[in-house]
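Within every chain, numbering begins at 1; the chains are lettered A, B, ... in the order of the sequence lines, protein sequences first and strands thereafter. For the numbers below, each heavy atom of this structure counts, side chains included, while hydrogens, waters and symmetry mates do not. In this text, all values refer to a predicted model and were calculated from it rather than measured experimentally.
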Amino acid sequence: MKKGDHLFLVDGSGYIFRAYHALPPLTRKSDGLPVGAVSGFCNMLWKLLREARDTSVRDTPTHFAVIFDYSSHTFRKEIYPEYKANRSAPPEDLIPQFGLIRQATKAFNLPCIEKDGYEADDLIATYARQAEAAGAEVTIISSDKDLMQLVTPMVTMYDSMKDKQIRIPDVIEKWGVPPEKMIDLQAMTGDSTDNVPGIPGIGPKTAAQLLEEFGDLDTLLARAGEIKQQKRRENIIQYAEQARISRQLVTLKTDTPVDVGIEDFSLEPQNGPKLVAFLKAMEFNALTRRAAEATGVEASEIEPANVPIQAVAEAHGPDLDIASGDDLPNPPKPAASAAPNGAKPAFGNVEGTPAGLVKARTDQALAAKIDRSSYATIRDVAALQVWIDEAMASGVIAFDTETTSADPMQTEVVGLSLATRPGRAAYIPINHVSGDGDLLGGGLVEHQIPEREVFRMLKPLLEDASVLKIAHSMKYEWLVMHRYGIDLHPLDDTMLISYVLDAGEGSHSMDSLCDRWLGHKPLAHKELIGSGKSSVTFDKVSIERATEYAAEDADVTLQLWRLLKPRLVADGLMSVYERLERPLIPVLARMEERGISVDRQILSRLSGDLAQSAAAIEEDIYRLAGEKINIGSPKQMGDILFGKMGLPGGSKTKTGQWSTSAQLLEDLAAEGHELPRKIVDWRQLTKLKSTYTDALPGYINPRTKRVHTSYAMAATSTGRLSSSEPNLQNIPVRTSEGRKIRTAFIAEPGNKLISADYSQIELRVLAHVAEIPQLTQAFADGIDIHAMTASEMFGVPVKDMPSEVRRRAKAINFGIIYGISAFGLANQLSIPREEAGQYIRTYFDRFPGIKDYMEATKAFARQHGYVETIFGRRAHYPEIRSSNPTHRAFNERAAINAPIQGSAADIIRRAMVRMEPALNEAKLSARMLLQVHDELIFETADEEVEATIPVIRHVMENAAMPAVSLSVPLHVDARAAHNWDEAH
DNA sequence: GTCCGACCGTA
DNA sequence: TTACGGTCGGACG
């Protein structure tokens, strides 16, 4: 770079936000992808590059670069942790545009510059000074006052939206000081958007006046005593240090260690086809035409580019200090290339809004026919290559594996299907065997590509960052593929998309979604493999039948995705999906894959003990009952207790049977009856034996010698996970007998289990959402929350409080979370309903905010049909307006509970997503194994335990930040031990 | 064989 | 009074 050259530096990140707010919203016609800021950006670049030479006020650039913020974690955070801490997450429809704007920059053949740890402003400052030193002119395309300190006779700013140059006189006119004093001015005034503190009471006018008088900030601070106005003088003296810190924050770094030098910014000619392909994909028709004309390209001959929405740390805004690293989803393909069955997309009918797109897609999907006979079977390498090429070009594929077992840790792949666009799908048979296994073991069927070859060929596709893989229940596919050495990514999951959109509106299984949205019943798995004793594994199914079934699944998945994905934007739920669901897929998959070690001997010994104890009690029961009945049959037991023996207090279940619940039997036992006590004890022992000590060993995987649970991501209405086969979220803990089960969950030799659990997370969430001052204060002070409640309610001092008083307050606190009723509380506390009702009234008197919160939540649910967590996750209650009072009341209680339970669930999900990067960052080898709603279990080497616990605690306690700044602190207890009982 | 209710383990 | 999943008995086919 030399004298006479002219460097243009575009503040890309600044532009994005400004354009987003200044320009009218715009969405891509075919799928509703928000592109307003992208459009403004492209038009601006076009103008700068094409029209600069015609404008007298600007020279033609010889060098050009677009600069972006990389992430919110910069050196300024080290100086001042609160820097930019008050920034909220970027708007929903801006998020996908961060990545798109970077791709636009590249499509314009311009350098796209960003650097971890630095803001765009620092890079701009560094490049501007370098160019200036080389004698070149610089134009900074931005109107941000933070950059005005850079203006010199050689460095000009240009506000592209107002088409206005900003030179030294313009800065003086606007701020009252020349550019070189802007730093001191900003240090004094501070900046509320970036959370730069400054000096209270000093605005730009005062600051300029003071700088005029004293010359610079240091002189001012040194001679502050001379200031006449008392308040101003006090503030300047008191906040001198704050001003100095502020100065550090606003001073742009002109010596950023850059990776790309200014020499590399030399302006290159446009790549016409590349630019047109991008603009076409964005559906910017006017600009496409102009770009095609100017570059001599025939627009109609150019295919729209495959434009993936890539991971951009900035896209997470200030939200993620620890970037997830996962790619954001590819956008839906333009309808022109993806209309089902070759039908013309209904452009004329599609409104330019996400909602319009959803409507069009829904109608389209219902009209489309699914033709199972059209699917292909891939039997040789050449055919497979054709499909792989097509998939690569398409950029989006739906994907499904057929396997021998529902357990991804045990299963073998039988075949694999993929769909590249609606109606176009194929099946790759791999391990089908001849049906009759009796004769000579039923070998592999002919004309199947060898397994190794299939995976060798598919691996590049399945791991290609530019090809989005869609599945229904992707965690299963991920696990299966991982066993074959494939790191499946990037991912989308139609089950999870449906879950985010419609939690509470019924099942998210593919069959029901297909029926609901496509009006089609796909072939049932059972129809192929049969059921029960006569069922076979999928490898015995004929390849013809398997093709119809498997390819249909892929086809349906793709069609569901096209339909459901745009709804995430339309309904404002993209960030729930992107932050809480999609990144959790590989996290949970790895947890399931790791499993946990369970000691068979301990369980076996416990089982023997339980059997003995139960047998002893059985003898007593038969004696007391006077006959040998099935103790495990509530029906028979009820008849004995309330029929034959005529005990009092019997009540009936809804089917007319005598109720024999533990609570009821306990009450009878308390009145001195012997038999009910025995039954309760017997039930406890046999429950522990059958559900835990006897069942768990059967789940030890013979290959890994560990137990691998399965987490359902879309099973609950509130956002919680559920665990099954085995359920490791209900391992006993309340009784000493039950806790022994936990001693069987152990760490490998030389390792420890770490258990870290949130303390009172749901009550803390309640304190936050309902804004209850006493609760917030109590959590801030770290005092016993139930004792505080009791003290408030009953006027008892916390000190020496009777345990019964605290117990009742605790039950009420839980009751509140559950959407309390007098009936339920009375039951829980075994007190009269009137008394329970009085408690509730007292509670609402003492904490009126709770009552308000409950009423507001009910009203919201009635109006919208759903409620929301603090992160925007929705739980639907379609029957909240039921005319049946009992039914309606049930829905209301659930609706009150869901935001509380769900917000807590969201918080731990966020912690889980961030945990692995945080541990890696700290060079720790701890593995996250289990989640139990408010608890995470890890396994790690003995010598790393001490270093690991603080990292875990930090991630968990800060998991809500910065998307939500809770008004109460989160507290995590963590302990390490060789087994789960001692760690908990 | 499959389904449902009762019961009970967890948060 | 919220949210789950597993086991059992018993009724149904």
From [atom1] of [X] over to [atom2] of [N], roughly how many Å is that when rounded to an integer?
X: M854(A); N: dT1(C); atom1: CE; atom2: C1'; result: 9 Å
X: K635(A); N: dC12(C); atom1: NZ; atom2: P; result: 11 Å
X: N630(A); N: dT7(C); atom1: CG; atom2: P; result: 17 Å
X: E835(A); N: dT1(C); atom1: CD; atom2: C1'; result: 17 Å
X: K526(A); N: dT2(B); atom1: NZ; atom2: P; result: 7 Å
X: K810(A); N: dT2(C); atom1: NZ; atom2: C1'; result: 16 Å
X: L696(A); N: dG5(C); atom1: CG; atom2: C1'; result: 13 Å
X: K858(A); N: dT1(C); atom1: NZ; atom2: P; result: 15 Å

Mind checking if [X] touches a base, just sugar-phosphate, or nothing, with heavy atoms under 4.0 Å?
X: I817(A); result: nothing
X: F890(A); result: sugar-phosphate
X: A811(A); result: base
X: G815(A); result: base

If you measure from the Lys or Arg side-chain nitrogens to the Asp or Glu carboxylate oxygens, is any gap between [X] and [Y] under 4.0 Å?
X: R808(A); Y: E835(A); value: yes
X: E581(A); Y: R909(A); value: yes
X: D681(A); Y: R677(A); value: yes

## Note on the structure
Counting primed atoms, P, OP1 and OP2 as sugar-phosphate and everything else as base, the B/S/- map of nucleotides 5-11 of chain B against protein heavy atoms under 4.0 Å is SSSBBBB

### Query
Going by heavy atoms in the side chains, are H933(A) and Q931(A) under 4.5 Å from each other?
yes

### Minimum side-chain heavy-atom gap Y499(A)-R873(A) below 4.5 Å
yes

### Task
For S633(A) and N630(A), indicate whether the former's side chain and the latter's backbone hold a donor-acceptor pair under 3.5 Å.
no

### Message
If you compare every side-chain N and O of S690(A) against the phosphate oxygens of dT7(C) (OP1, OP2), does one of them come in below 4.0 Å?
### Response
no

### Task
For dT2(C), take OP1 and OP2 only and decide whether either is under 4.0 Å from a side-chain N or O of T718(A).
no

### Message
Suppose we screen for ring-ring contact (aromatic ring centres under 6.0 Å, His included). Which residues come up paired with W658(A), at least two apart in sequence or across chains?
### Response
F642(A)

#### Entry: Non-neighbouring partners of Y758(A) that pass ring-ring contact (aromatic ring centres under 6.0 Å, His included), sequence neighbours left out
none

### Pairing residues for E855(A) by the side-chain hydrogen bond (donor to acceptor under 3.5 Å, both in side chains) criterion, not counting sequence neighbours
K858(A)

### Task
Return the nearest nucleotide to the side chain of Q828(A); candidates are dA3(C), dT2(B), dT1(C).
dT1(C)

### Query
In residues 606-614 of chain A, which ones come under 4.0 Å of DNA chain C, going by heavy atoms?
none

### Qualifying ring-ring contact (aromatic ring centres under 6.0 Å, His included) pairs with a residue from residues 868-897 of chain A, counting only residues at least two apart or across chains
Y866(A)-H876(A)

